[in-house]
J.: 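Let me give you the structure first, and then I'll get to my questions.
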Amino acid sequence: MSIPKFTILESAAVLMPAQNIDTDQIIPARFLKTTSREGFGENLFYDWRYNNNGEPIKEFVLNTPQGRGTILVAGHNFGCGSSREHAAWALADYGFRAVVSSFFADIFRNNALNNGVLPVQVSEQFLQQIFKNSALNTNKKELNNNLNTNNSLINNPILKIDLMKKEILNVATGQKENFEINSYKQECLIKGQDDIDYLISNLDEIEKYEQYKTSY
Amino acid sequence: MAKTIFDKIWDSHIVKNIPEGPSILYIDRHFIHEVTSPQAFSGLEKRGRKVLRPKQTFATCDHNVPTLNQDKPIEEPTSRIPIEKLAQNTRKHKIKYFPLGHPSNGVVHIIGPELGITQCGMTIVCGDSHTSTHGALGNIAFGIGTSEVEMVLATQTLLQSKPLQMLIEVNGKLQKGVCAKDLILHIISKMGTSGGTGYFIEFAGSTIENLSMEERMTVCNMSIEMGARGGLIAPDKKTFDYLEGLFYSPKKEEWDRSVKKWSELKSDLGAKHHAAYCFNACEIEPMVTYGTNPGMGIPVTSKIPLSLTDNDSPINKSSTKKSSKIEQSNNETPSYIKALKYMGFMPGMPIAGLSIDYVFLGSCTNGRIEDFRAFASIVQGRKKDPNIIAWLVPGSKKVEKEIEEEGIGHILREAGFEIRQPGCSACLGMNEDKIPANKYAVSTSNRNFEGRQGPGARTILAGPLIAAVAAITGKINDPREFLP
Ligand code: SF4
């Protein structure tokens, strides 16, 4: 089996400045009951996205034109809490290929990588710059609306992620930053290979270990 | 070279190190349950693989299960189907399964230690973040995602990078009426919810040594609520006494050999942790949370802080990294206001005296026999507040049985309580046990995230003593005024 290949990704950023977004928010427990990996995207951020009657909450970013894009940008400590991989499946199923934050919870980071969703950890300053950009754009939008002019200028900041160079670019500001990923994982994502195949190819060594298990 | 207990266990489980990459880590014990395993089994089948070591995986159903009428078929199909799948998958792959009603069934992190499946010096994983609980017996135990469940089924290994290590030392005597839950809520409130991210924590010090095994499990259970990969405590005589004679524990000569080996599991003198913090047990008070993450905790006697910075930090002994709570505090303000709004609280208001609607005693944090003993010690001779809905949910069939054998069941029923059947229940509200929107619940579980116990539910985390006081008075109160 394989995961989608990842090389260069350029997209408008979908912004969620909240901090400590936990996996219970990304996908609430009551949607974990299906036994397949598909279809979780429709319930992504359900309790923030829909009201008690199941109607979309207009202001929530995924329900706005700014909710389109394949890069999610979120506040510090994204993906904390429950280990549910359903959170990564829901993000992937919705169409996100990367999440940018100043900090990721450990288990989420692994789960995302195992599903071809790239967690890009940037500095707090780089992150805040992205959010600030969008605030500028929003002001521009109001201006445009008032002048009743062409709306095509109005967009969230475009980000470009280059996995080969381990680099993220904020296209509007030209600001660049390198991010960390170990070379093993980098190669897996570029080739679209997953860990299980790699581990299976090591079964001989695993059996050898079992025979000669060392003590402490 | 001087090694920490973590180094000793980690190093002895390395199959292979990948240059500039993670390591292949051998896994001794693997627990599975109905929610995070079905996709792993289907993945395995798609690849045409078998389970490599079926004897090292153990299965229970707990997340979805009803806590009443467990002898009857589960009506709700979305709850029933994952459990049926687990039964099929475990049968097919010859994995030991403790189904609903089985005398060993219960919440996965309660039954592991209870049956002696969890021992010492092991690597233990489960598709549930609170796997850290098993660290209380001196193990590297951590939660994994479903792809990783599939890796363990197929190869009995995982790809892992070695985490950094943190030492949290707690010394001194806990005040009367202060329990292990208060201790860990206090630590998390000082460290913040990401203060431990990237680290594996070793808990040590005289306070930790004096905790019972059950209390140590409560502490390790919640270590992940500060972002840590897991927490562990060096095993000692208490650990060995706990394990001796349990169903899956080694027997006779093998037991002696094991204890000898396990006795080496301590951090050597001079072994290095990457960060170290020190806490004083005498300063810890009964704790409650007031916000929407477990780091937002305060003494039950105090007021809701005016801001997140309104909190002093732990004593930092030797740290390469500052507590991220301190770093982050400036831009946490919007989240802070959002949390208080969700909870219906105002900054500066006292938490004691707040009226409560629901009480939940249970979960892998506080669903063990000692928690029921503590709850009953306050309830004895008093009556349940008629306005409170109380869900008392034993963590396992074994706990359920002990409750009756020790006469606790009688005390609780006399006071007007009902005891439900084992499961995760309101800890995550996947079954019918959901707290309705805007209702306040005092919960002995581990997470107070928005909607964790049901959409709109307002969760206040606390230990079993505060839960008992809430159940009889209908309010949050200092449990020290109610001690027997
Ligand atoms: S009781 Fe709660 S935390 Fe523990 S295993 Fe169940 S759902 Fe997870």
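In what follows, chains carry the letters A, B, and so on, assigned in the order in which the sequence lines appear, proteins first and then strands, with residues in each chain numbered from 1.
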J.: What part of B:I144 lies closer than 4.5 angstrom to a heavy atom of chain A: side chain, backbone, both or neither?
T.: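 Interface part for B:I144: backbone (N, CA, C, O).
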
J.: Output yes when B:E150 and A:R37 qualify as a salt bridge under the 4.0 Å nitrogen-oxygen rule, no when they do not.
T.: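 Yes, B:E150 and A:R37 are salt-bridged.
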
J.: Out of B:T157, B:L428, B:I14, B:I9, which one racks up the most heavy-atom pairs below 4.5 Å with chain A?
T.: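 When all of B:T157, B:L428, B:I14, B:I9 are compared, B:T157 has the most.
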
J.: Restricting to non-hydrogen atoms, name the atom on B:S129 and the atom on A:S83 that form the minimum distance, rounded to 0.1 Å.
T.: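 Smallest interatomic distance, heavy atoms only, reads N-OG, 3.2 Å.
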
J.: So, for B:E450 and A:W48, which heavy atoms are closest and what is the spacing to 0.1 Å?
T.: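 Here B:E450 and A:W48 meet closest at OE1-NE1, 3.2 Å.
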
J.: Name the option with the most non-hydrogen atom pairs under 4.5 Å to chain A; the candidates are B:P455, B:G451, B:G429.
T.: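 Greatest number of close heavy-atom pairs with chain A: B:P455.
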
J.: Kindly compute the distance separating NZ (A:K33) from CZ (B:R80), expressed to the nearest 0.5 Å.
T.: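 With rounding to 0.5 Å, NZ (A:K33) is 11.5 Å from CZ (B:R80).
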
J.: To the nearest 0.5 Å, how far apart are OH in A:Y198 and CG in B:L159?
T.: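 Spacing of OH (A:Y198) from CG (B:L159) equals 7.0 Å.
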
J.: Against chain A, work out which of B:I224, B:N446, B:V15 has the most heavy-atom pairs shorter than 4.5 Å and name it.
T.: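 Winner by heavy-atom pair count: B:V15.
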
J.: Looking at A:N178, I want to see if its CG is surrounded by more than 12 non-hydrogen atoms of other residues, nucleotides or ligands under 6.0 Å.
T.: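 Buried by this count: over 12 neighbours within 6.0 Å.
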
J.: How long is the gap from CD1 on A:I196 to OG1 on B:T155, to the nearest 0.5 Å?
T.: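 Interatomic distance, A:I196 CD1 to B:T155 OG1, rounded to 0.5 Å: 8.0 Å.
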
J.: For the candidates A:T35, A:N202, A:T34, A:I206, which exhibits the highest count of non-hydrogen atom pairs separated by less than 4.5 Å from chain B?
T.: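 Option with the greatest count: A:T35.
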
J.: Just verifying a value: how many Å separate B:R447 CZ and A:S82 OG, rounded to the nearest 0.5 Å?
T.: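 These two atoms lie 5.5 Å from each other.
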
J.: Quick check on A:Q25 against chain B: is it the side chain, the backbone, both or neither that has a heavy atom closer than 4.5 Å?
T.: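 For A:Q25, the side chain is the part near chain B, not the backbone.
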
J.: Looking at B:E264, B:R49, B:K8, B:E225, which one has more heavy-atom pairs under 4.5 Å with chain A than the rest?
T.: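 Max contact count across the listed options: B:R49.
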
J.: If I compare all heavy atoms of A:G81 with all of B:F449, which pair ends up nearest, and what's the gap?
T.: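 Heavy atoms only, the tightest pair is CA-CE1, 3.7 Å.
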
J.: Enter the distance from A:E210:CD to B:R53:CZ here, rounded to the nearest 0.5 Å.
T.: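 Rounded to the nearest 0.5 Å, the CD-CZ separation comes to 4.0 Å.
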
J.: Between B:R452 and A:D47, does any side-chain N to carboxylate O distance fall below 4.0 Å?
T.: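 Not counted as a salt bridge, because no side-chain N and carboxylate O are separated by less than 4.0 Å.
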
J.: Walk me through it: do B:S335 and A:Q19 pass the test side chain to side chain donor-acceptor pair (under 3.5 Å)?
T.: CA-CA 7 Å; B:S335 311; A:Q19 307 204 338; 4.7 Å; no

J.: Non-hydrogen atoms of chain B under 4.5 Å away: do they reach the side chain of A:Q186, the backbone, both or neither?
T.: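 For A:Q186, there is no contact with chain B at all, as no heavy atom is under 4.5 Å.
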
J.: For B:Q160, is it the side chain, the backbone, both, or neither that has a heavy atom closer than 4.5 Å to a heavy atom of chain A?
T.: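 For B:Q160, side-chain heavy atoms alone lie under 4.5 Å from chain A.
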
J.: Which answer fits B:L52, side chain, backbone, both or neither, if we ask what part of it has an atom under 4.5 Å from a heavy atom of chain A?
T.: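 Just the side chain, heavy atoms under 4.5 Å.
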
J.: Would you mind telling me which of B:D11, B:L265, B:N431 has the largest number of heavy-atom pairs within less than 4.5 Å of chain A?
T.: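 The candidate making the most pairs under 4.5 Å is B:L265.
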
J.: Taking atom CD of A:E207 as the centre, does the number of heavy atoms from other residues, nucleotides or ligands within less than 6.0 Å exceed 12?
T.: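 Result for CD/A:E207: enclosed.
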
J.: Taking all atoms of both residues into account, what is the closest heavy-atom pair of A:Y184 and B:G21, and its distance?
T.: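 What the structure gives for the nearest pair is CB-CA, 4.0 Å.
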
J.: Around atom NZ of B:K3, are there more than 12 heavy atoms from other residues, nucleotides or ligands closer than 6.0 Å?
T.: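 Yes, the 6.0 Å shell around NZ holds more than 12 heavy atoms from other groups.
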
J.: Of the backbone (N, CA, C, O) and the side chain (C-beta and beyond), which part of B:Q453 lies under 4.5 Å from a heavy atom of chain A, both, or neither?
T.: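 Contact with chain A is absent: no heavy atom of B:Q453 under 4.5 Å.
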
J.: One pair to check against side-chain contact (heavy atoms from CB on, under 4.5 Å): A:N182 and B:S161. What are the steps and the verdict?
T.: CA-CA 10 Å; A:N182 68 51; B:S161 302; 4.1 Å; yes

J.: If you take all heavy atoms of A:A29 and B:M430, which pair is closest and at what distance?
T.: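 Here A:A29 and B:M430 meet closest at O-CE, 3.5 Å.
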
J.: What parts of residues 107-120 of chain A touch chain B if we use heavy atoms and a cut-off under 4.5 Å?
T.: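 If one takes a 4.5 Å heavy-atom cut-off, the residues of residues 107-120 of chain A near chain B are A:I107, A:N110, A:N111, A:N114, A:N115.
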
J.: If you look at every heavy atom in B:T146 and A:E85, which pair is closest and at what distance?
T.: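 For B:T146 and A:E85, the tightest heavy-atom pair comes out as N-OE1, 2.6 Å.
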
J.: With a 4.5 angstrom heavy-atom cut-off, could you sort out which part of B:H63 is near chain A: side chain, backbone, both or neither?
T.: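 Neither part; nothing is under 4.5 Å.
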
J.: Most heavy-atom pairs under 4.5 angstrom with chain B, which of A:L199, A:I200, A:T23?
T.: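 Counting heavy-atom pairs under 4.5 Å, the top option is A:L199.
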
J.: Would you mind checking which part of B:K338 comes under 4.5 Å of any heavy atom in chain A, side chain (CB onward), backbone (N, CA, C, O), both or neither?
T.: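 Just its side chain gets close to chain A.
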
J.: One pair to check against side chain to side chain donor-acceptor pair (under 3.5 Å): B:Q39 and A:S36. What are the steps and the verdict?
T.: CA-CA 6 Å; B:Q39 293 90 345; A:S36 78; 5.9 Å; no

J.: At a heavy-atom distance under 4.5 Å, which candidate from B:D7, B:T36, B:N64, B:I5 has the highest pair count against chain A?
T.: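 Of the options given, most contacts go to B:N64.
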
J.: Which answer fits B:D28, side chain, backbone, both or neither, if we ask what part of it has an atom under 4.5 Å from a heavy atom of chain A?
T.: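 It is the side chain, since no backbone atom gets that close.
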
J.: Please state whether the side chain, the backbone, both or neither of B:S37 comes within less than 4.5 Å of a heavy atom of chain A.
T.: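 The answer is neither part of B:S37.
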
J.: Set out, in order, the CA-CA distance, both residues' side-chain angles and the distance that settles salt bridge (Lys or Arg N to Asp or Glu O under 4.0 Å) for A:D197 and B:R47, then state yes or no.
T.: CA-CA 9 Å; A:D197 290 330; B:R47 283 172 213 267; 2.9 Å; yes

J.: So which part of A:L203 gets closer than 4.5 Å to some heavy atom of chain B, the side chain, the backbone, both or neither?
T.: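 For A:L203, the contact with chain B is made by the side chain alone.
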
J.: Do the side chain of B:E20 and the main chain of A:S183 share a donor and acceptor less than 3.5 angstrom apart?
T.: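 Absent.
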
J.: Go through the atoms of A:D106 and report whether side chain, backbone, both or neither lie under 4.5 Å from a heavy atom of chain B.
T.: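 Both backbone and side chain.
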
J.: Step by step, would you call A:R84 with B:V35 a side-chain contact (heavy atoms from CB on, under 4.5 Å)?
T.: CA-CA 9 Å; A:R84 60 189 68 159; B:V35 176; over 6 Å; no

J.: Can you say whether B:I18 sits under 4.5 Å from chain A via the side chain, the backbone, both, or neither, judging by heavy atoms?
T.: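 Only the side chain of B:I18 comes within 4.5 Å of chain A.
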
J.: Using the side chain to side chain donor-acceptor pair (under 3.5 Å) rule, take B:S12 and A:K213 through it: C-alpha gap first, then chi angles, then the decisive distance, then the call.
T.: CA-CA 7 Å; B:S12 65; A:K213 193 169 186 280; 5.5 Å; no

J.: At a heavy-atom separation under 4.5 Å, does B:K16 approach chain A through its side chain, its backbone, both, or neither?
T.: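 It is the side chain, since no backbone atom gets that close.
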
